[in-house]
Amino acid sequence: MWDNTIRPRYIYLLAFTGRVVYVGQSVDPVQRIRAHRRPSGGWRLPFQPLIVDLIHGAEIDIVHREYAWRCCAAAFGWTPVARGGLPFDMAKVHEGARQTGAKLPWPFTI
């Protein structure tokens, strides 16, 4: 069930060595990043977190934006990963998210 409440929602990145990135979304990104750092958070490797985007919208809006950031990452030579660290299936991304992602500025230069 989608959360249709219009409220601030954020996109954050977890950058790992080797140009690997996890793209996540949350209404409380600081708390979510802290949760990722816990032993139960699923990430055993060190990462550099960065909050990169804010929209005021419903859950479907932020999910679209999350996919767009994955496209942006891939366009800049990074490998977007899903939970568990496996490469994200970019075939799941629709054309609208690809077009939006092409306009986003990639924040990492390494």
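Atoms considered below: every heavy atom in the structure, side chains included; atoms not considered: hydrogens, waters and symmetry mates. Quick caveat, the model's predicted, so the values are computed rather than measured.
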Heavy-atom pair with the smallest gap, counting every atom of [X] and [Y]:
{"X": "Met90", "Y": "Pro80", "result": "SD-CG, 4.1 Å"}
{"X": "Phe16", "Y": "Pro46", "result": "CD2-O, 3.3 Å"}
{"X": "Trp43", "Y": "Ala82", "result": "CH2-O, 3.5 Å"}

*How about Val52 and Val23: do any of their side-chain heavy atoms sit closer than 4.5 Å?*
no
*Are the side chains of Ser26 and Tyr12 in touch, meaning some heavy atoms are under 4.5 Å apart?*
yes
_Between Phe76 and Val21, is the side chain to side chain contact (heavy atoms under 4.5 Å, CB included) condition met? List the steps._
CA-CA 11 Å; Phe76 280 85; Val21 66; over 6 Å; no
_Criterion side-chain contact (heavy atoms from CB on, under 4.5 Å) against Cys71, the qualifying member of Leu104, Thr100, Val93_ = Val93
*Just say parallel, tilted or perpendicular for the rings of Tyr22 and His36, cut-offs at 30° and 60°.*
perpendicular
*For the residue pair Tyr67 and Phe88, does the interplanar ring angle fall in the parallel (under 30°), tilted (30 to 60°) or perpendicular (over 60°) class?*
perpendicular
*What pairs with Ile6 under side-chain contact (heavy atoms from CB on, under 4.5 Å), at least two apart in sequence or on another chain?*
Ala58
_List the residues meeting side-chain contact (heavy atoms from CB on, under 4.5 Å) with Pro8, not counting sequence neighbours, and say none if there are none._
Tyr10, Leu54, His56
_same_hphob_cluster(Leu14, Leu45) at 4.5 Å side-chain heavy-atom cutoff_ = yes
*Determine whether Val63 and Val27 fall in the same hydrophobic cluster, where Ile, Leu, Val, Met, Phe, Trp and Tyr are linked whenever their side-chain heavy atoms lie under 4.5 Å apart.*
no
*Rounded to the nearest 0.5 Å, what's the gap from CD on Gln48 to OG1 on Thr17? Could you check?*
12.0 Å
*Look up atom CH2 in Trp69 and atom CD1 in Ile62, then write down how far apart they are to the nearest 0.5 Å.*
10.5 Å
Any salt bridge (Lys or Arg N to Asp or Glu O under 4.0 Å) involving [range]? Give me the pairs, sequence neighbours left out, ordered by first then second residue.
{"range": "residues 58-84", "result": "Asp53-Arg65, Glu66-Arg70"}
{"range": "residues 25-47", "result": "none"}
{"range": "residues 94-105", "result": "none"}

*Can you sort out the partners of Thr5 under side chain to side chain donor-acceptor pair (under 3.5 Å), two or more places apart, ordered by chain and number?*
Asp3
*Output, in order, the C-alpha distance, side-chain angles, deciding distance and verdict of side chain to side chain contact (heavy atoms under 4.5 Å, CB included) for Trp78 and Leu13.*
CA-CA 12 Å; Trp78 286 65; Leu13 308 176; over 6 Å; no
*asked:* Please determine whether side chain to side chain contact (heavy atoms under 4.5 Å, CB included) holds for the pair Ile11 and Ile55, giving the CA-CA distance in whole Å, both sets of side-chain angles, and the decisive distance to 0.1 Å.
replied: CA-CA 9 Å; Ile11 297 290; Ile55 68 165; over 6 Å; no
